[in-house]
Asks: 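Before I ask anything, let me first share the structure, which is written out below as structure tokens.
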Number of protein chains: 2
Amino acid sequence: MQNNSARGATLPAYEQIKRYVLEQIEKGVLGPGDVVPSETELVKEFGVARMTVSRALRELMAEGVLNRVRGSGTYVAPRQYESTVLQIRNIADEIAARGHRHTARVLSLATSDDPSAIAALELESGPAFHSRIVHNEEGEPIQYEDRYVNPQVFPDYLAQDFTLETPNHYMVRLAPVQRAEFRIYAQKPDAHVRQYLKMEIGEPCLLLIRRTWVGRHVATSVRLWHPSSRFHLAGTV
Amino acid sequence: MQNNSARGATLPAYEQIKRYVLEQIEKGVLGPGDVVPSETELVKEFGVARMTVSRALRELMAEGVLNRVRGSGTYVAPRQYESTVLQIRNIADEIAARGHRHTARVLSLATSDDPSAIAALELESGPAFHSRIVHNEEGEPIQYEDRYVNPQVFPDYLAQDFTLETPNHYMVRLAPVQRAEFRIYAQKPDAHVRQYLKMEIGEPCLLLIRRTWVGRHVATSVRLWHPSSRFHLAGTV
DNA sequence: GAGTGGTCTAGACCACGGC
DNA sequence: CCGTGGTCTAGACCACTCA
């Protein structure tokens, strides 16, 4: 294993091994059910003690990324689609945490004079910024994001490339979210959303509506539609 | 540390140390913010290697039970207050908070040998207790509660009258919930649930699945079905 | 500077799976 | 039987906190 260099903190060896395995999964070198190199093999490959490899793989199992069977081997866990409600969430990070690839398709990015949106943002006058983005996990759509943004809080919103960074990540990076309000519904999607999410007719959506505050201003108001067959919310308290 | 005895599997040392610390918290010997004995002290007390103690405490930190600060010490994490999503736990209180009248109809209250329920409760053998209750707000059904209960934790569960007190209220009254895990789905109800909730065909349900822990035991595992037209989850963060 | 946690090593014994 | 993961030891060096 590489030693720590002069300056610039190096990650712990077990963390590097975790990332290595996650990378293999992200790249598609390892898929669900595939055998992950054994502890002995990783010990040789990384030149570390077995305890170190063991910790890396054990933590990945605790995170649901791997399954380990004594006497048999270590395997990539089947895909699980789930998400936590309580955190202010970034869908891209969640997908990455599962070792999957996130892609986004920007349907629109423009100003909007929708009065209900301007009211939701508690603006005195319009326009508001508006974006519609479909987020994919491994190419499969799992979120339709319909977002209104307060121009006073994020004046450069329209100039961003949201295929590279999610709106959520962009906003959290610029301004700390102080408060959020959410509602969760089970709802049938309209034809527009249903098509973009590639859903069967009759399949319900899990709809998460959220407003977040930065200081005294409503920073953003968003409707997140998720196909029920491929997505659920989860968490612990 | 005790060695493994002749027969009857003994828990790993790190697991015993975890349980020891959890017991101290359950008994109230250790409260939020209190200093947990240092690794060195636990090494002496249990007669194990420091790595073993380290693993026990690290895992408890990952589970949110402890906070560890390098150079300072290990502390009991502050009490995690029930989130909005968990707060629905008592449907009767929610209804009362809206100034409405709550009524309940007990469909069944009995033992059950359902293997998946026994597994969800992490019981070694059955039976489990099982109840099915419909909750009404102003006479309209808004929740179908399908609940399995651990008899070891609530031995008198079957003797209760759940038209007077909700199962949740009963259980919280007897034992403090320490941890909960939940999942939220949008799902089409089966015919049985749909009829009891008086729903239109095609209308989706908001389904909340939750397991709660009392001490080390899974106390209850519940599926809560809500008609999307009359119910949603909400909260602030 | 003493004490804390974070990481790591190079061994070890064991239980289990599959051949 | 061999290879797998699960656990454990008895050291070690380090970064950090706090008095």
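Any value given below was found using the heavy atoms of this structure, including those in side chains, with hydrogens, waters and symmetry copies removed. First the proteins, then the strands, lettered A, B, ... as listed; each starts at 1.
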Asks: By nearest atom, which of the nucleotides C/dG5, D/dG6, C/dC8 is closest to the A/Thr52 side chain?
Replies: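 Closest of the options to the side chain of A/Thr52: C/dC8.
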Asks: Please tell me if the side chains of B/Arg132 and B/Glu145 come closer than 4.5 Å, counting only heavy atoms from C-beta onward.
Replies: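 When only atoms from C-beta onward are counted, B/Glu145 and B/Arg132 do not touch, as no gap falls below 4.5 Å.
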Asks: Please report, rounded to the nearest Å, how far the P atom of D/dT9 is from the CZ atom of B/Phe46.
Replies: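 Rounding to the nearest Å, CZ of B/Phe46 and P of D/dT9 are 12 Å apart.
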Asks: Just the rounded figure in Å: distance from P of D/dG5 to CZ of A/Arg58.
Replies: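 To the nearest whole Å, that distance equals 13 Å.
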Asks: Atom CD of B/Glu39 and atom P of D/dA12: how far apart are they, to the nearest Å?
Replies: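 Between P of D/dA12 and CD of B/Glu39: 17 Å.
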Asks: Any base atoms under 4.0 Å from B/Ser54, or only sugar-phosphate, or nothing? Heavy atoms, all strands.
Replies: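 The answer is base, as B/Ser54 lies within the cut-off (heavy atoms under 4.0 Å) of a base atom.
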Asks: A/Thr74 side chain N/O closer than 4.0 Å to the phosphate oxygens (OP1, OP2) of D/dG5?
Replies: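 Affirmative; the distance criterion is met.
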Asks: Tell me: CD of B/Glu41 to C1' of C/dG5, nearest whole Å?
Replies: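 Taking atom C1' of C/dG5 as the reference, CD of B/Glu41 is at 13 Å.
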Asks: Does B/Ser72 have a side-chain nitrogen or oxygen under 4.0 Å from the phosphate oxygens OP1 or OP2 of C/dT4?
Replies: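 No.
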Asks: With a 4.0 Å cutoff (strictly under), does any side-chain N or O of B/Tyr14 reach OP1 or OP2 of D/dC8?
Replies: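 No, because none of the side-chain N or O atoms of B/Tyr14 sits under 4.0 Å from OP1 or OP2 of D/dC8.
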Asks: Could you state the atom-to-atom distance from CG of B/Leu60 to C1' of C/dG5 in whole Å?
Replies: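 B/Leu60 atom CG is separated from C/dG5 atom C1' by 15 Å.
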Asks: If you check the A/Ser38 side chain, which of D/dG5, C/dT7, C/dA10 turns out closest?
Replies: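 Closest of the options to the side chain of A/Ser38: D/dG5.
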Asks: Give a yes/no answer on whether the side chain of B/Thr40 brings an N or O atom under 4.0 Å of OP1 or OP2 in C/dG3.
Replies: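 Indeed not, no polar side-chain atom of B/Thr40 lies that close.
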Asks: Does A/Arg55 or A/Arg50 map to a spot on DNA chain C nearer the 5' end, using the closest nucleotide for each?
Replies: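 Result: A/Arg55.
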Asks: Would you verify whether the NZ or CZ of A/Arg55 falls within 45 degrees of the ring axis of A/Tyr14 while also being under 6.0 Å from that six-membered ring's centre?
Replies: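 Yes, a cation-pi geometry holds between A/Arg55 and A/Tyr14.
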Asks: Heavy-atom distance under 4.5 Å between the side chains of A/Tyr196 and A/Trp225, does that happen here?
Replies: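 SC-SC contact between A/Tyr196 and A/Trp225 ruled out.
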Asks: How many Å lie between CZ on B/Arg70 and C1' on C/dA2, as a whole number?
Replies: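 Checked: the CZ to C1' distance equals 17 Å.
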Asks: Tell me whether the OP1 or OP2 atom of C/dG6 has a side-chain N or O from B/Arg68 closer than 4.0 Å.
Replies: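 Yes.
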Asks: Rounded to whole angstrom units, what separation is found between the OH atom of A/Tyr75 and the C1' atom of D/dG3?
Replies: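 Value for this atom pair: 11 Å.
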Asks: Judged by each residue's nearest nucleotide on DNA chain C, which is more toward the 5′ side, B/Val36 or B/Met51?
Replies: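 The 5'-side residue here is B/Val36.
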Asks: Specify the separation, in whole Å, of atom CD of A/Glu59 and atom P of D/dG6.
Replies: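 Atom CD in A/Glu59 sits about 13 Å away from atom P in D/dG6.
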Asks: Among B/Thr212, B/Asn168, B/Val153, which one satisfies side-chain contact (heavy atoms from CB on, under 4.5 Å) with B/Thr220?
Replies: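 Exactly one pass, corresponding to B/Thr212.
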Asks: Answer whether the closest heavy-atom distance between the side chains of A/Phe129 and A/Arg147 falls below 4.5 Å.
Replies: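 No, too far: nothing below the 4.5 Å cut-off.
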